[in-house]
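Notes follow the structure.
The chains referred to below are lettered A, B, ... by the order of the sequence lines, with proteins before strands, and numbering in each begins at 1.
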2 protein chains.
Amino acid sequence: MNHLKDKIKLDFRSDEPLYMQLVRQVEQLVLTGELNQGDQLPTVRELATELRINFNTVARAYRLLDEARLISTQRGRGTYIWEEPTRETVERLRQISLAELARRYLDEAAGLGYDAPAALDAVRDNMKPGNPEHEDVGADQAIEVKNEQTQQTQRRTSGE
Amino acid sequence: MNHLKDKIKLDFRSDEPLYMQLVRQVEQLVLTGELNQGDQLPTVRELATELRINFNTVARAYRLLDEARLISTQRGRGTYIWEEPTRETVERLRQISLAELARRYLDEAAGLGYDAPAALDAVRDNMKPGNPEHEDVGADQAIEVKNEQTQQTQRRTSGE
DNA sequence: TATACAATAGTACAAAGATACAATTGGAGG
DNA sequence: CCTCCAATTGTATCTTTGTACTATTGTATA
């Protein structure tokens, strides 16, 4: 019986915001192994109903946890405990050099009928100015509150 | 054996919708000639099962591809690569694909810890002369029009 | 009191899933 | 052959789920 709601206790009188209480407690549950990789968390509405709070508050907590790479929220599907890339994936990525990646890109572009200069231009065109600096992905990094919207953090861990 | 499912990689954590990832990847497979006219695609349920997603998500992608005249979906029969994509369709999709290819390349490079300028340099470095496989290939090479009839009479569900 | 701002709630929306349905095919039984 | 019917395949529609944006509330501070 993995009822997350039973493991979460909110103190409505604390000065600590509700969403922050949620973040800490879920974080704790994951780190202590009460929640494991791939486990599905309650939906934002489900948990919100159980805890008698607004689902946006849960969503906010989930978003922070997502940005901290502790969980993975997927619209229309649900929210899951973050899964580490498989050993093979990591190894594969490690072995691929940037040069190989570039060559492969050029090959694929050639397959579409584009010559190298055109492919080069395409890369240039698609490197936007506000490009995300890749933040460090440390596992045990503390979760920080961000008061302002941080719209970066698109996540691309080549799946599976 | 052409197992489409092996050529499709979904990233569940991407901010790009699953059905859109499907559309792009099928487009690319067609344009690079890995899928040819008359080839039957997996059924929506088959592909969905393989990819661990709902078959309606596959159906959504198929519908978009059908509207783009790239494939032909036929209720009760299956889904097939469209007989004869027009030149304009091919050209349009080629351009979209190149941009998408470039973005994906940048993403993958970022995943390895390289920023965009570094990725750009890598492309430049690898397109230097002495790389025989980058000779200019014509556009018509990617998709060849065959007038030969395929094994089934193609009836279209979505007009012509 | 007035102002500012963070926390929370409300509303609208997009992606993905569930379910029921319609068209096509193919085989069994006449 | 023909008819019937079950299985297969795509379609239509609604529900579920997370996201974005706005509004409200509460509290600290001038």
Side-chain angles (χ1 to χ4, degrees), chain A residues 4 10-24 26 40-67 70-82 144-155 159, chain B residues 4 8 10-24 26 39-67 70-82 151-159:
Chain A
L4 182 59
L10 291 185
D11 179 2
F12 287 89
R13 284 153 191 78
S14 164
D15 1 347
E16 186 181 38
L18 297 175
Y19 72 91
M20 192 41 86
Q21 295 183 42
L22 272 174
V23 166
R24 292 200 190 291
V26 172
Q40 178 164 18
L41 281 74
T43 68
V44 290
R45 285 172 177 79
E46 212 173 271
L47 186 54
T49 301
E50 291 294 338
L51 299 175
R52 319 285 173 131
I53 59 179
N54 188 274
F55 70 85
N56 262 305
T57 303
V58 178
R60 186 170 183 179
Y62 278 7
R63 183 167 55 80
L64 288 176
L65 289 162
D66 182 281
E67 286 169 0
L70 218 68
I71 67 177
S72 163
T73 55
Q74 299 164 29
R75 173 191 301 197
R77 307 191 89 224
T79 301
Y80 303 85
I81 300 296
W82 181 264
E144 283 188 11
V145 192
K146 295 168 184 153
N147 291 333
E148 280 313 314
Q149 303 293 61
T150 54
Q151 72 284 28
Q152 92 295 38
T153 339
Q154 55 178 18
R155 82 185 20 169
Chain B
L4 181 60
I8 303 262
L10 291 184
D11 179 0
F12 288 91
R13 290 159 189 90
S14 166
D15 44 4
E16 184 181 40
L18 297 176
Y19 74 90
M20 201 42 88
Q21 294 183 41
L22 272 174
V23 166
R24 281 194 308 97
V26 172
D39 283 354
Q40 178 164 18
L41 282 73
T43 68
V44 290
R45 285 172 178 79
E46 216 172 83
L47 187 52
T49 301
E50 292 292 338
L51 299 176
R52 317 287 171 115
I53 60 179
N54 189 273
F55 70 85
N56 260 303
T57 304
V58 178
R60 224 161 266 141
Y62 279 8
R63 185 166 53 76
L64 289 179
L65 289 163
D66 182 280
E67 287 167 359
L70 210 69
I71 66 178
S72 162
T73 54
Q74 300 161 26
R75 174 190 298 194
R77 305 194 69 242
T79 302
Y80 303 85
I81 300 297
W82 189 259
Q151 73 273 19
Q152 89 292 3
T153 44
Q154 304 222 358
R155 268 166 274 179
R156 288 146 225 184
T157 47
S158 55

Pairs touching residues 44-55 of chain B that satisfy salt bridge (Lys or Arg N to Asp or Glu O under 4.0 Å), sequence neighbours left out: none
Spacing between B:Met20 atom CE and C:dA14 atom P, to the nearest angstrom: 13 Å
Nearest-Å distance for atom pair CD1/P, residues A:Ile53 and D:dT24: 21 Å
Interatomic distance where CG belongs to A:Asp15 and P belongs to C:dA6 [whole Å]: 16 Å
From A:Thr57 atom OG1 to A:Leu18 atom CG, the distance as rounded to the nearest 0.5 Å: 6.5 Å
Under the side-chain hydrogen bond (donor to acceptor under 3.5 Å, both in side chains) test, residues paired with A:Gln74 that sit two or more places apart: A:Ser72, A:Arg77
Between C1' of C:dA7 and CG of A:Asp11, the distance in whole Å: 15 Å
Side-chain heavy-atom pair A:Ile53, A:Tyr19 within 4.5 angstrom cut-off: no
Protein-nucleotide distance (B:Asn54, atom CG; D:dG10, atom P), rounded to Å: 14 Å
Between C1' of C:dA16 and CG of B:Leu22, the distance in whole Å: 12 Å
Any side-chain heavy-atom pair of A:Leu22 and A:Leu51 under 4.5 Å: yes
Phosphate OP1/OP2 of C:dA16 contacted by B:Tyr19 side-chain N/O (<4.0 Å): no
Every protein N/O lying under 3.5 Å from an N/O of nucleotides 13-18 of chain D:
unit_1: D:dT17; atom_1: O2; unit_2: A:Gly76; atom_2: N; d: 3.4
unit_1: D:dG18; atom_1: OP1; unit_2: A:Thr79; atom_2: OG1; d: 3.0
unit_1: D:dG18; atom_1: OP2; unit_2: A:Val44; atom_2: N; d: 2.8
unit_1: D:dG18; atom_1: N7; unit_2: A:Arg45; atom_2: NH1; d: 2.6
unit_1: D:dG18; atom_1: O6; unit_2: A:Arg45; atom_2: NH2; d: 2.7

Within-4.5 Å side-chain heavy-atom neighbours: B:Leu47 and B:Leu41: no
Separation of atom CD in A:Gln21 from atom P in C:dA7, rounded to whole Å: 12 Å
Nucleotide C:dA16, atom C1' - distance to CZ of B:Arg63 in whole Å: 13 Å
